[in-house]
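Inspection log for the structure reproduced underneath, given as structure tokens.
We count ligands from 1, going down the list as the structure has it; atoms in each ligand are counted the same way.
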Amino acid sequence: MKDFSGKLAVITGGGTGMGRELARALVAEGCDVAMCDVSAPNMTETKALCEKNAPQGVRILTHEADVSDETQVIAFRNAVAREFDTDNINLLFNNAGIAGAGSFVTDERDEWERTFNICWNGVYLCARAFMPMLVASSEGHIINTSSVNGFWASIGPQTPHTAYSASKFAVKGFTEALVTDLRINAPHVKASVVMPGHIGTQIVQNSAAVHGRTGVLDNVGTRMSEDEQADFEARADAFENNAPMSAAEAAQVILNGVREERWRILVGEDAKRLDEAVRKAPEEAYEESFFGILIPGVGDEDAS
Ligand SMILES: NC(=O)c1ccc[n+]([C@@H]2O[C@H](COP(=O)([O-])OP(=O)(O)OC[C@H]3O[C@@H](n4cnc5c(N)ncnc54)[C@H](O)[C@@H]3O)[C@@H](O)[C@H]2O)c1
């Protein structure tokens, strides 16, 4: 798909971050957008930002839905069909995701399963719900967001990262297998797996909110002490503002990958460096020394 104008895109997790920036970029190119998120206020903000650059006649739908709940996903799919009066869509961006439950040994099972279910089941359920609409289109593309944690199950030697990594490996495996499935059974539909490195977004705040650790979302009580809150805010701020790539830049990389019909879309130089390093020395990937590859300049000579 070289041109998004006149197409219809579905985006999960459009409230902030890469989902918001995908929506903004697509709308600016004349693409209708239907987004879902668990945060209605954030989607309202995304919609207002999209409208600033929307060509005449482009439509934007916001729909509150949790992608890990099949009833809500089906209600979202039905809302898209109704609002746009169509049985087909062109693009499905399975972008919604959260972090959490790093340790399988010590973290709560509830949090582990919430993380896994949003990051993996969310992709699965939306693919189930929307695949018939992609197949019904003349030109379709499913874009599933994994992570560098879809090929490297770590964020460093001192920090377990099990739920997120397991889900992102699942997203990557599913999408890679879809490439062949679609080629055989629906060749007009393409599949891409997106593997971002560190992108400056509010995923730290949003993940805490979804897990009920902050008061960011309505009806979720705060569970942090003042000190914990201050420390958390500093970490969230650093994650968002010290990243090597912005969400808007990431959205452009993703959309270029879709235009070029690349099935694997690495986002950021850190992602490319990690991909090369893991392939080059898989047995070293979980050793202390390997973590240096994430630091700009360190390991460049190895990855070249
Ligand atoms: N930011 C990064 O460094 C990074 C790196 C690799 C992969 N990713 C992945 O990129 C995707 C987008 O993340 P982001 O960084 O833009 O974060 P973000 O938090 O800014 O955006 C994610 C959006 O998903 C929404 N969401 C969370 N749970 C949901 C649910 N159950 N149903 C519907 N919506 C839900 C959030 O409210 C938020 O609006 C995620 O899948 C994430 O895992 C991010």
| field | Numbering as shown, the atoms of ligand 1 that approach Gly17 to under 4.0 Å (heavy-atom distance) | value | 16 (O), 20 (O)

| message | With heavy-atom distances below 4.0 Å as the criterion, list the atoms of ligand 1 near His198. | response | 3 (O)

| field | Closest protein heavy atom to atom 40 (C) of ligand 1, given as residue, atom name and distance to 0.1 Å | value | Asn95 O, 3.1 Å

| query | For ligand 1, which atoms have a heavy atom of Lys168 less than 4.0 angstrom away? | reply | 40 (C), 41 (O), 42 (C), 43 (O)

| request: Check side-chain hydrogen bond (donor to acceptor under 3.5 Å, both in side chains) between Asn94 and all other residues, then give those that pass, not counting sequence neighbours. | output: Asn144

| request: Measure the acute angle between the ring planes of Phe290 and Trp152, then classify it against the limits of 30° and 60° as parallel, tilted or perpendicular. | output: tilted

| task | For residues Gln158 and Glu288, determine if any side-chain heavy atom of one lies less than 4.5 Å from a side-chain heavy atom of the other. | result | yes

| Salt-bridge contact Lys7-Glu139 (side-chain N to carboxylate O under 4.0 Å) | yes

| note | Sorted by chain and number, sequence neighbours left out, side-chain hydrogen bond (donor to acceptor under 3.5 Å, both in side chains) with Glu269 holds for Lys272

| note | Output for pair (Ile11 CD1, Met18 CE), nearest 0.5 Å, gives 12.5 Å

| Looking only at heavy atoms, is any part of Ala65 under 4.0 Å from ligand 1, and if so is it the side chain, the backbone, or both, or is it neither? | backbone

| Distance filter under 4.0 Å to Gly15 heavy atoms, resulting ligand 1 atoms | 39 (O)

| request: Determine yes or no for a side-chain-to-main-chain donor-acceptor pair under 3.5 angstrom, with Arg59 supplying the side chain and Glu83 the backbone. | output: yes

| Which atoms of ligand 1 are found less than 4.0 Å from any heavy atom of Gln202? | 19 (O), 20 (O)

| said: Yes or no: does Asp66 have any heavy atom under 4.0 Å from an atom of ligand 1? | reply: yes

| field | Proximal atoms of ligand 1 relative to Asn206 (non-hydrogen, under 4.0 Å) | value | 18 (P), 19 (O), 20 (O), 38 (C)

| said: When you compare ligand 1 with Met18, is there at least one nitrogen or oxygen pair between them that comes in under 3.5 angstrom? | reply: yes

| Donor-acceptor contact present, side-chain Ser165 to main-chain Thr162, <3.5 Å | no

| note | Under 4.0 Å between heavy atoms, the region of Ser207 that gets near ligand 1 turns out to be neither

| request: Ignoring hydrogens, just give me the one of Asn117, Ile98, Val73 whose non-hydrogen atom is nearest atom 27 (C) of ligand 1. | output: Ile98

| query | In terms of atom number and element, which parts of ligand 1 are under 4.0 angstrom from non-hydrogen atoms of Phe239? | reply | 1 (N), 2 (C), 3 (O)

| field | Nearest-contact summary for atom 21 (O) of ligand 1 - protein heavy atom, Å | value | Thr16 OG1, 3.5 Å

| Between Ser39 and ligand 1, which part of the residue brings a heavy atom under 4.0 Å of the ligand: side chain, backbone, both or neither? | neither

| Nearest-0.5 Å distance that lies between atom CG in Asp275 and atom CG in Asp270 | 11.5 Å

| said: Ring centres under 6.0 Å, that's the criterion: do Phe104 and Phe116 meet it? | reply: no

| task | Give yes if a backbone or side-chain nitrogen or oxygen of Cys119 is under 3.5 Å from a nitrogen or oxygen of ligand 1, and no if not. | result | no

| said: Is a donor from one side chain sitting under 3.5 angstrom from an acceptor on the other, for Ser137 and His188? | reply: no

| field | Ile118 N/O under 3.5 Å from ligand 1 N/O | value | no

| message | Distance under 4.0 Å to a non-hydrogen atom of Thr145: what atoms of ligand 1 satisfy this? | response | 9 (C), 10 (O), 11 (C), 41 (O)

| query | So which of His141, Glu260, Arg262 actually passes side chain to side chain donor-acceptor pair (under 3.5 Å) with Ser192? | reply | His141

| request: Answer with yes or no whether Ala243 contacts ligand 1, where contact means a heavy atom under 4.0 Å from a ligand atom. | output: no

| said: For ligand 1 and Ser68, I'd like to know whether there is a polar contact (N/O to N/O, distance under 3.5 Å). | reply: no

| said: Which option wins on minimum heavy-atom distance to atom 39 (O) of ligand 1: Thr46, Asp37, Leu22? | reply: Asp37

| query | Roughly how far, to the nearest 0.5 Å, is CZ of Arg264 from CZ of Phe151? | reply | 7.5 Å

| Closest candidate by heavy atom, reference atom 4 (C) of ligand 1, pool Gly197, Gly268, Ser147 | Gly197

